[in-house]
Trainee: 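Have a look at the structure that comes next, please.
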Amino acid sequence: MAVADNRDVPGRQSMTGFSRTIVESILDNVVWLILFVIVTAFCLFIPGYAQVGIFFNIIEQATFVGILSVGLSIAIIAGQIDLSIESTMALAAMLTATLVSTGELGWGWAPTPIWLVIPGTLAVALTLGALVGLVNAFLVVKLKINAFIATLATYIFLRGAVVAFNGGGAVFGLPQSLRSIAVTRLGGIPMLAWLTIAIFLVFSFILTKTPFGRYLYLVGGNPVAPFRAGIAVKRIAAWSFVLSSVLAAFAGWLLAARTSGATPNLGLGMLFEAFAAVVIGGVSLKGGVGRLSGVFAGVLLLSAIRTAINLLSMPPQYTQMIQGALVLSAMLLDALKTDVRARYL
Amino acid sequence: MNITRRTIGGLALGAIAALASNPAFAEGKGKVYFLIPDSGGPFYPTSAKVEAKFLEQIGYELTVLDATNKSDLQLNQLDNVINLKPKAIIVAAVDYDAIVPGIEKAKAAGIPVIAFDREIKSTKLDFTSVAGTLEIGRIAGDETIRLLKERKGAIKGKVLQIMGDPGDSYSISLGKGFAEKMTAHPEISVITKPTPQWEPTTAGSTAQDQLLANPDIDLIFYHSGYLASAVVGSLEAAGKKPGDILCLDGDGDPGGLAQIRAGWQQVAVGAPMYAQVLAVAEVLDQIVNHQPLKAGTYQILGLKSELTEEAWGPNMKIPGNVVTKANVDDPVHWANGKVPDVKVTPLM
């Protein structure tokens with residue numbers, strides 16, 4: 001995909017032919033290389049890490065940050081930013097759980113046949129996501145409010161709405177049919193892991209193989225040129241907000257199934273993890289550059305680190321420091337990649 | 001319309017007369033502020049709601065401020081409230097050290113300060129009403145020992161302790177009490193993992209990973225029933241059935257009680273919230289009037305509670321409830337949402 005042109009970098013040493021192709025290929029996939037090295041190290045040094053079940057856990061637990069990262073990547077590639085995704089996810093989870101919960105705070109919706117709760121709640125959650133996306137798009141595209149400020153405001157407002165929704169109460173007691181999404185395995189692999197992979201594949205296809213995807217890159221890279229070429233720049237930007245919010249709502253729907261309910265602080269901190277995954281994955285915060293395959297590797301890397309910390313024997317007070325240090329190491333390696341590219345390619 | 005000074009004066013007198021004839025105004029004793037640490041879980045919002053109901057009975061108006069788990073914000077709230085000169089301030093501290101300068105300022109301004117649910121030991125307070133998180137941790141430890149003995153025939157086994165936020169004083173204190181009991185039994189091994197910001201998905205993931213790395217885990221002790229649903233979700237996803245792994249929580253949250261009813265969780269050690277709240281209401285008049293509180297044993301909602309004079313002031317310790325399947329529906333548990341219909345009377 002589009003890569004920053006570094007031909008004017010002073011002191012750059014050119015590389016030609018086959019060796020250049022090899023180095024470019026390695027650099028393009030360096031996050032996967034980092035992931036491989038780190039997971040190998042964890043397998044060697046952390047007892048209990050090297051087992052298939054742990055690898056499935058890594059993918060399964062990457063579901064929510066992963067889907068958020070896809071939406072965030074779309075917004076960033078389109079030259080925007082969406083800080084509201086975490087709150088949208090939490091509100092969608094709360095709405096889903098409240099709708100069908102048989103607990104004290106639930107509305108106990110139980111259609112006949114009961115499997116209808118799956119499409120029913122999904123439709124409600126995605127509609128909520130679309131509405132949030134439209135509001136963000138209106139604020140940014142129509143009212144021309146800075147995307148960072150506008151989505152920060154919706155982030156705060158929606159998180160408040162999650163807390164206010166049930167007066168600070170947690171909702172639990174979801175029907176088994178909805179829970180089945182989180183507990184079912186296909187071919188021995190958790191359904192959530194399949195869904196995560198599917199989301200990445202589908203949106204990778206959209207970004208790289210469809211005109212809409214190409215427009216996202218063009219608009220994010222330089223909105224003036226596509227505007228002059230007759231591309232509806234504002235509509236593309238608006239769609240990027242709607243897509244990121246709908247994906248966040250989908251993540252929320254899955255999160256409700258996974259945790260068998262919803263709490264006001266559900267998903268707290270996932271926005272920052274999504275940002276870390278997107279940056280590690282090579283998406284430029286300036287817009288117009290990045291690939292979802294890299295983001296997927298970034299998400300898996302964070303999930304692998306989190307799992308390693310879960311298995312390490314260390315005082316609980318230090319786990320966040322270790323997590324931060326490992327994420328920083330991964331990002332430094334990524335920065336090294338950019339440096340190598342600038343100097344030698 | 002020609003409004004004269006006499007008309008305005010007449011209207012003002014009429015308004016004062018109307019207000020004075022209102023019984024609530026006549027009996028009003030003033031405002032009390034309740035500074036809660038957060039509204040993320042139901043415990044503090046419910047405490048505040050029940051406290052407002054009890055204080056209304058004795059003529060006080062309660063205003064609640066939520067610190068959203070930020071100790072600096074809570075300190076700012078306290079500074080602002082001092083300027084409003086309330087009759088008393090009730091504090092459930094986000095951080096028991098960070099709040100101390102604000103408490104000292106309130107005391108200097110002559111405003112009584114009451115600690116609720118979270119002990120503040122580094123300054124003098126007018127009253128403290130706590131279950132004693134340390135004590136709840138100890139009870140959870142005793143229950144763990146009992147459950148393991150019943151399951152394995154001996155006091156041994158592997159326990160996964162899922163804390164709350166590692167910086168939260170509630171979780172730290174609970175963990176200390178639990179550790180006191182566990183260290184006496186070296187044949188019980190305890191794996192402790194944190195849940196930053198009490199985020200349930202993290203607790204679920206911790207359980208999921210630990211069950212793979214340590215398939216011989218016998219019992220999971222999560223510090224709040226708030227995390228129960230996510231942890232049970234992971235047990236279910238791992239193919240476990242209710243009762244395969246013993247579970248208990250350390251706050252008696254509705255989420256934990258729901259899992260007791262569903263058979264996944266065996267025990268919850270609940271904070272006696274209604275009694276804690278009532279204790280404050282029953283001594284408030286004395287505190288506001290700067291009358292001394294007499295140490296001794298008192299019955300609060302049928303719970304034998306001890307009022308002792310400590311270095312940080314009068315301290316009312318109310319024992320925690322052990323919730324099991326046998327008593328899960330008892331209205332005494334705050335998580336059941338049945339506020340006791342009691343008349344607030346002075347405790348002494």
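Protein chains get the first letters and strands the later ones, always in sequence-line order, with residue 1 at the start of each.
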Trainee: Measure the spacing between CD of A/Gln61 and CG of B/Asp209 and express it to the nearest 0.5 Å.
Mentor: 4.5 Å

Trainee: Is the backbone N or O of A/Gly267 less than 3.5 Å from a side-chain atom of B/Glu199, with the two atoms forming a donor-acceptor pair by type?
Mentor: yes

Trainee: If only atom types and distance count, is the side chain of B/Gln208 paired as donor or acceptor with the main-chain N or O of A/Asn57 below 3.5 Å?
Mentor: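 Checking the backbone N and O of A/Asn57 against the side chain of B/Gln208, no donor-acceptor pair under 3.5 Å is found.
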
Trainee: Which bit of B/Pro254 is near chain A, if near means a heavy-atom gap under 4.5 Å: side chain, backbone, both or neither?
Mentor: both

Trainee: Could you grab the distance from atom OG1 of A/Thr263 to atom CG of B/Leu227, nearest 0.5 Å is fine?
Mentor: 8.0 Å

Trainee: Going from OG1 on B/Thr201 to CE on A/Met270, what distance comes out if it is rounded to the nearest 0.5 angstrom?
Mentor: 4.0 Å

Trainee: For B/Ser205 versus A/Arg258, what's the shortest heavy-atom pair and its separation?
Mentor: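 The pair with the smallest heavy-atom distance is OG-NH2, 3.4 Å.
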
Trainee: Closest heavy-atom contact between B/Ser229 and A/Gly261?
Mentor: OG-N, 4.2 Å

Trainee: Could you tell me whether B/Asp216 atom CG has more than 12 heavy atoms of other residues or ligands within 6.0 Å of it?
Mentor: yes

Trainee: When rounded to the nearest 0.5 angstrom, what distance separates CG in B/Asp165 from CG in A/Leu268?
Mentor: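 Separation between the atoms: 10.0 Å.
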
Trainee: With only heavy atoms counted, which part of A/Phe64 is less than 4.5 Å from chain B, the side chain, the backbone, both or neither?
Mentor: side chain

Trainee: For B/Lys158, is the NZ atom crowded, meaning more than 12 foreign heavy atoms sit under 6.0 Å from it?
Mentor: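 Buried by this count: over 12 neighbours within 6.0 Å.
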
Trainee: Most heavy-atom pairs under 4.5 angstrom with chain B, which of A/Val183, A/Asn265, A/Ile54?
Mentor: A/Asn265

Trainee: Are B/Tyr226 and A/Pro264 close enough that some pair of their side-chain heavy atoms sits under 4.5 Å apart?
Mentor: yes

Trainee: With chain A, which of B/Ala228, B/Ala258, B/Gly255 has the greatest number of heavy-atom pairs at distances under 4.5 Å?
Mentor: B/Gly255

Trainee: So for atom CH2, which belongs to A/Trp194, do other residues, nucleotides or ligands contribute more than 12 heavy atoms lying within a distance under 6.0 Å?
Mentor: no

Trainee: I'd like to know whether CD of B/Glu56 has more than 12 heavy-atom contacts from other residues, nucleotides or ligands below 6.0 angstrom.
Mentor: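 12 or below, so no.
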
Trainee: Which one wins on heavy-atom pair count under 4.5 Å against chain B: A/Ser260, A/Ala182, A/Gly103, A/Pro47?
Mentor: A/Ser260

Trainee: Check whether A/Leu255 gets within reach of chain B through its side chain, its backbone, both or neither, counting any heavy atom under 4.5 Å.
Mentor: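 Side chain only.
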
Trainee: Without swapping roles, check the side chain of A/Gln51 against the backbone of B/Leu212 for a donor-acceptor pair under 3.5 Å.
Mentor: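 Here the side-chain-to-backbone pair exists.
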
Trainee: Taking everything shown except B/Lys176 itself, do over 12 heavy atoms lie less than 6.0 Å from its NZ?
Mentor: no

